[in-house]
Amino acid sequence: MDSIVIQGGKRLEGAIPISGAKNSALTLLPCAILTDEKLTLSNLPRLADVDSFGHLMNELGVSTKIEGMHKGEIGRRMTLRAENLISTVAPYDMVRRMRASILVLGPLLARAGDATVSLPGGCAIGDRPIDLHLQALEAIGAEIEIAAGFVRATAPGGKRLSGGDFTFPVVSVGATENAVMAAVLAAGRTNLYNAAREPEIVDLCRLLQKMGAHIEGEGSPHIKIEGVEKLHGCTYAVMPDRIEAGSYACAAGITGGSVDLIGIRPEDMLATTNALVQAGLMIEFHDHGMKVSADGPLRPLALSTAPFPGFATDMQAQFMAMLCRAKGESFLEETIFENRYMHVPELRRMGANIDVRGRSAIVHGVDHMTGAKVMATDLRASMSLIIAGLAAEGETEVLRVYHLDRGYERLEEKLSAVGATIERRGGG
Ligand code: UD1
């Protein structure tokens, strides 16, 4: 199995192009199910999860064609066409490998009146149930049955969903996405209250609007949808990845460096940039993105994860790694997922001093970390080990690279280009 090997201690300096957002791509791709016309997505990141989603779409009968990039584009283009669906089932093997497969539930239900998706089961960062997805779909007219490890959602009589009102008891990105995708083709109106406000939700709504959907209030907690009979194809560019950008900002911070993050949208990542500034980094916005530079020693922080516009849970591990080298004690609280401190034992093996109590962690800054062989159980945890390795003395080998390949496009290439000594090593 491949690993990533880093010789730490190099200051990062230079420009990093930011790819299309993984989490956005994974909710834009299933929108192809909502029309029999062609949907072309550009700025798609080259990631294992995007490929897996493409395979899932093929199993459902959606054709996918990768096209060359157009001038000035950094990502891939994919044209999808769901002229005729051949299946309405997302099998266990797909959902087990990629939890986001659950996002075909809403669109299949809207288009075919019938959708069957395997229940996701356990997940490394906590239990992650799908009850909110099902409650929201039920509220807009679906009938739900659970049997033999699968959930089946149907529209009464195989017809259109009615639309309806639903208040999310807890903010959920995925459940909001499924509900929006199901409601756009409903016969009536849908009001979603306490909806997720993440930029990826706005990206989804913008694509659906371009396809002819009537949606208002995206980016606010109240999304209003007036169902339409038909959606049409279009071409749409995936938004830049705010989490990838934030991760490289932490890498700049821990190495005392300066990186220019090209292509980001500052308004998508204000909580991250605020935290970077509080940690003592300097941020300069410019036409093409923003420059993040170290400016003296790192300062400790108090951070608590929260739904957007709060501090993203997907940035927690990377900040924790950076704060291992801050001058003083940082306090972190994880409020979204239980079990999201899996990187802590590995960071400790590199010399970090971190106490965890339940959902809180105290990071006592240290002057020095040392390279080690480490492995992580999820994507962002793996990135935190890369960040720590960039500043650690000696060699760090991060195992289970497939986690990183799910979410960071050309990681070694991007970091080498700004001065890191990093390579992928093929294993047995
Ligand atoms: C998405 C992101 C993930 C990010 C997370 C929170 C994708 C592909 N993934 O995941 O990277 O970390 O948002 O920003 O976009 N919950 C329930 N019942 C449900 C659904 C969720 O209790 O039916 C709970 C979860 O266990 C969690 C919280 O709600 O505690 C938020 O989860 P949610 O926003 O749904 O995360 P995902 O959409 O799975």
Side-chain angles (χ1 to χ4, degrees), residues 20-31 45 47-50 52-53 56 94-95 97-106 117 119-139 142 144 146 151 153 166-182 192 194-204 221 238-239 241-244 246-247 268-269 271-272 304-319 333-342 359 377-384 403 406-408:
K22 170 183 84 83
N23 285 354
S24 187
L26 296 182
T27 188
L28 301 188
L29 286 163
C31 291
L47 296 171
D49 270 9
V50 171
S52 303
F53 215 107
L56 171 58
M94 281 313 307
V95 184
R97 253 186 292 144
M98 185 185 45
R99 216 192 104 85
S101 309
I102 187 78
L103 294 175
V104 299
L105 191 58
V117 174
L119 291 168
C123 157
I125 60 173
D127 213 11
R128 296 183 91 171
I130 58 159
D131 54 329
L132 301 175
H133 296 242
L134 305 184
Q135 285 168 28
L137 294 178
E138 227 168 2
I144 307 283
I146 296 184
V151 51
F166 185 68
T167 303
F168 290 93
V170 174
V171 177
S172 163
V173 175
T176 302
E177 290 167 345
N178 250 331
V180 168
M181 291 188 282
L192 301 173
N194 199 26
R197 299 164 61 186
E198 268 67 5
E200 291 77 10
I201 301 279
V202 176
D203 215 28
L204 167 67
V238 179
M239 64 174 270
D241 198 318
R242 63 196 173 104
I243 308 298
E244 185 199 22
S247 304
D268 292 344
M269 41 190 302
T272 296
S304 182
T305 62
F308 193 85
F311 181 76
T313 173
D314 282 353
M315 283 306 308
Q316 178 260 111
Q318 302 90 312
F319 266 82
E333 187 189 23
E334 175 56 62
T335 69
I336 309 289
F337 293 112
E338 77 258 32
N339 216 2
R340 208 171 190 183
Y341 287 134
M342 310 280 262
R359 293 190 167 211
T377 42
D378 75 65
L379 169 61
R380 307 303 168 189
S382 304
M383 189 62 191
S384 77
H403 288 301
R406 286 187 41 226
Y408 289 91

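The first residue of the sequence shown is numbered 1, and numbering continues consecutively from there. No experiment lies behind these values; they were computed from the predicted model shown. Remember, it's 1-based here, ligands and their atoms both numbered in the order they're listed.
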Atom [atom1] of [X] and atom [atom2] of [Y]: how far apart are they, to the nearest 0.5 Å?
| X | Y | atom1 | atom2 | result |
| --- | --- | --- | --- | --- |
| Arg406 | Leu379 | CZ | CG | 5.5 Å |
| Ile144 | Leu134 | CD1 | CG | 5.0 Å |
| Arg380 | Met315 | CZ | CE | 8.5 Å |

Sub-4.0 Å heavy-atom contact, [X] with ligand 1:
| X | result |
| --- | --- |
| Arg340 | yes |
| Asp49 | no |
| Ala175 | no |
| Arg99 | yes |

Any luck finding a side-chain donor-acceptor pair between [X] and [Y] under 3.5 Å?
| X | Y | answer |
| --- | --- | --- |
| Thr313 | Arg340 | yes |
| Glu200 | Ser24 | no |
| Glu334 | Thr305 | yes |
| Ser384 | Gln318 | no |

Report task. Output all residues satisfying ring-ring contact (aromatic ring centres under 6.0 Å, His included) with Phe311, sequence neighbours left out; order by chain, then residue number. Result -> Phe319

Query - Heavy-atom donor-acceptor pair, Tyr341 side chain to Arg359 backbone, under 3.5 Å - result: yes

Requested in this report: Check whether any side-chain N or O of Asp203 sits under 3.5 Å from a backbone N or O of Met239 as a donor-acceptor pair, and report yes or no.
Outcome: yes

Check: [X] N/O within less than 3.5 Å of ligand 1 N/O:
| X | value |
| --- | --- |
| Val173 | yes |
| Ser172 | yes |
| Leu132 | yes |
| Phe337 | no |
| Ile336 | yes |
| Glu177 | no |
| Asn23 | yes |
| Lys22 | no |

Requested in this report: Scan Leu204, Val171, Ile201 and name whichever one has a side-chain contact (heavy atoms from CB on, under 4.5 Å) with Thr176.
Outcome: Ile201

Query - Identity of the nearest option to atom 4 (C) of ligand 1, non-hydrogen atoms only, from Thr176, Ile243, Asp314 - result: Asp314

Query raised in the report: Among Ala136, Ala100, Ala306, Pro129, which residue places a heavy atom closest to atom 20 (C) of ligand 1?
Result: Pro129

Short list, please: which atoms of ligand 1 are under 4.0 Å from a heavy atom of [X]?
| X | value |
| --- | --- |
| Thr313 | 6 (C), 12 (O), 14 (O) |
| Val171 | 31 (C) |
| Gly174 | 35 (O), 38 (O) |

